[in-house]
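Step one of this worksheet: look at the structure below.
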Amino acid sequence: MPMKLLDCDAGIPEREQHVYIKEAGEDTTKFLPISNSATIPGSLSERGCAFCGAKLVIGGVLKDTIQMIHGPFGCSYDTWHTKRYPSDNDNFQLKYAWSTNVKEKNVVFGAEKLLKKSILEAFDAMPTIKRMFVYTTCSTALIGDDPKAVAKAVMAERPDVDIFVVECPGFAGVSQSKGHHVLNMGWIHEKVGQVEPEITSEYTINFIGDYNIQGDTDVLQRYWHKLGIQVLAHFTGNATYDELRGMHRAQLNVVNCARSAGYIANELQKQYGIPRLDIDSWGFSYMASGLRKVGDFFGIQDKVEALIAEEEAKWKPQMEWYKERLQGKKMAIWTGGPRLWHWTRAVEDDLGVQVVAMASKFGHQEDFEKVIARGREGTVYIDDGNELEFFEVIDMVKPDVIFTGPRVGELVKKLHIPYVNGHAYHNGPYMGFEGFVNLARDMYNAVNSPLWALAGQNIQGEVL
Ligand code: CFM
């Protein structure tokens with residue numbers, strides 16, 4: 001029976017449909033875990049809210065844009081600064097947290113005036129910044145404020161500014177995935193097509209679904225540059241607001257994270273006829289095949305082969321060193337969803353590491369299809385996992401290292417199991433050839449750190 005009711009879920013038996021163990025020769029299409037559905041009451045979800053998906057994941061990455069959060073300050077603070085996406089604009093996007101700081105009296109009497117005042121104040125305080133995202137949150141959506149009308153009024157008063165409103169309160173969907181969707185669709189309908197990019201190459205792409213985590217975008221940008229490919233828009237790593245308004249002119253959309261940004265790629269295809277090409281940017285073999293696909297599209301195979309040869313010559317020896325030492329280690333990946341299918345085969349092919357458990361916070365059915373197709377037999381696949389399930393699965397599969405976020409990471413550290421930040425990375429970037437060497441190094445350091453043995457020692461006697 002491939003669906004698994006864990007012992008800890010005896011009180012919430014519906015969880016059985018969210019936990020799957022792959023068996024030999026199975027037709028996996030019959031056994032996909034339920035996903036992208038509301039968390040079962042009683043299960044302590046690790047998910048983020050829909051607002052968080054829009055702000056923290058996509059909008060907040062922009063390097064020249066004020067992110068005005070229309071709500072209590074906590075919504076702003078809790079979606080600020082945790083992802084580590086740098087920019088070449090002096091990290092403007094990481095320095096500030098903006099909020100209208102809504103209080104009870106605004107909830108009772110309305111907060112539109114407060115929003116307008118806050119928008120003007122923010123622009124006045126940062127006179128070189130002319131672009132802004134405004135987000136609704138649960139409280140301001142519930143009281144019925146109309147932020148689009150406020151943004152329109154400000155833009156009429158100040159023609160040099162442009163504002164994009166994201167109406168995606170936390171309760172708009174079952175997870176952060178809804179926020180990705182709302183932002184993608186709003187942007188394509190309201191902003192794409194408003195700016196004409198300057199075309200400087202005969203090959204142009206949008207690189208979609210890469211958020212410059214610790215410099216990922218920079219690694220890929222070096223490759224595009226060497227290939228003579230102009231990236232009109234990065235959605236949204238190290239990007240400007242206006243760059244994203246010119247996405248309609250690219251010849252090709254190259255998609256890395258299909259979950260968070262496949263929507264805009266599909267719309268660009270529908271509305272402007274730009275083809276979509278999905279690639280994996282993590283791992284040697286995947287990165288090489290992704291570059292080859294792009295090379296085939298533009299007919300620049302020679303340049304691509306030269307680039308791959310150069311990169312492999314430079315990085316493969318280091319990768320081999322780590323492979324020798326990590327071969328056979330057992331890894332768990334507990335992140336949002338896509339990194340499960342991006343990484344499971346990549347670490348197996350490049351490092352000989354076995355992925356024995358994977359948990360997705362918000363992946364959809366298509367993500368699980370890809371994960372399970374690429375994953376091993378006997379591996380545990382979980383949708384919207386809870387803390388007790390994590391503990392039970394650790395007992396079952398005994399991983400040597402867990403790639404997850406700081407919340408679950410803190411838990412597993414207490415069990416003295418090495419954890420690597422699978423969201424914001426430990427010492428990235430992780431994309432591209434050099435990036436996967438960084439991932440291997442972080443995994444090696446985590447697995448071999450003497451701290452795990454020391455952490456288990458009882459030093460009480462010495463302290464007292
Ligand atoms: Fe895409 Fe991402 Fe991910 Fe993601 Fe996220 Fe993320 Fe993630 Mo954390 S956009 S879906 S919403 S690859 S923040 S940079 S690591 S859960 S698997």
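None of these values were measured; they are calculated from a predicted model. Remember, it's 1-based here, ligands and their atoms both numbered in the order they're listed.
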Under 2.8 Å from atom 1 (Fe) of ligand 1, which protein N, O or S atoms are there? Could you list them by chain and number?
Cys257 SG
Quick one: nearest non-hydrogen protein atom to atom 13 (S) of ligand 1, plus distance?
Lys83 NZ, 3.2 Å
Within 4.0 Å of some non-hydrogen atom of His423, the atoms of ligand 1 are 7 (Fe), 8 (Mo), 15 (S), 16 (S)
Quick one: sort the Phe403 and Trp343 rings into parallel, tilted or perpendicular, breaks at 30° and 60°.
perpendicular
Among Phe235, Tyr211, Phe362, Phe51, which residue meets the ring pair (Phe, Tyr, Trp, His ring centres under 6.0 Å) test with His180?
Phe362
Establish, for the pair Arg325 and Trp321, whether the NZ or CZ atom is under 6.0 angstrom from the six-membered ring centre and no further than 45 degrees off its axis.
yes
Of all the non-hydrogen atoms in the protein, which one sits nearest to atom 4 (Fe) of ligand 1, and at what distance?
Phe362 CZ, 4.0 Å
Are Ser37 and Val174 side-chain neighbours, meaning at least one heavy-atom pair lies under 4.5 Å?
no
For the residue pair Trp187 and Phe164, categorise the inter-ring angle as parallel (less than 30°), tilted (30 to 60°) or perpendicular (more than 60°).
perpendicular
When the ring planes of Tyr381 and Tyr20 are compared, do they come out parallel, tilted or perpendicular, using 30° and 60° as the limits?
tilted
Residue part near ligand 1, for Lys361, under 4.0 Å between non-hydrogen atoms:
neither
Any salt bridge linking Arg345 with Asp280? Criterion: basic side-chain nitrogen under 4.0 Å from a carboxylate oxygen.
no
Does any non-hydrogen side-chain atom of Ile382 lie less than 4.5 Å from one of Met358?
no
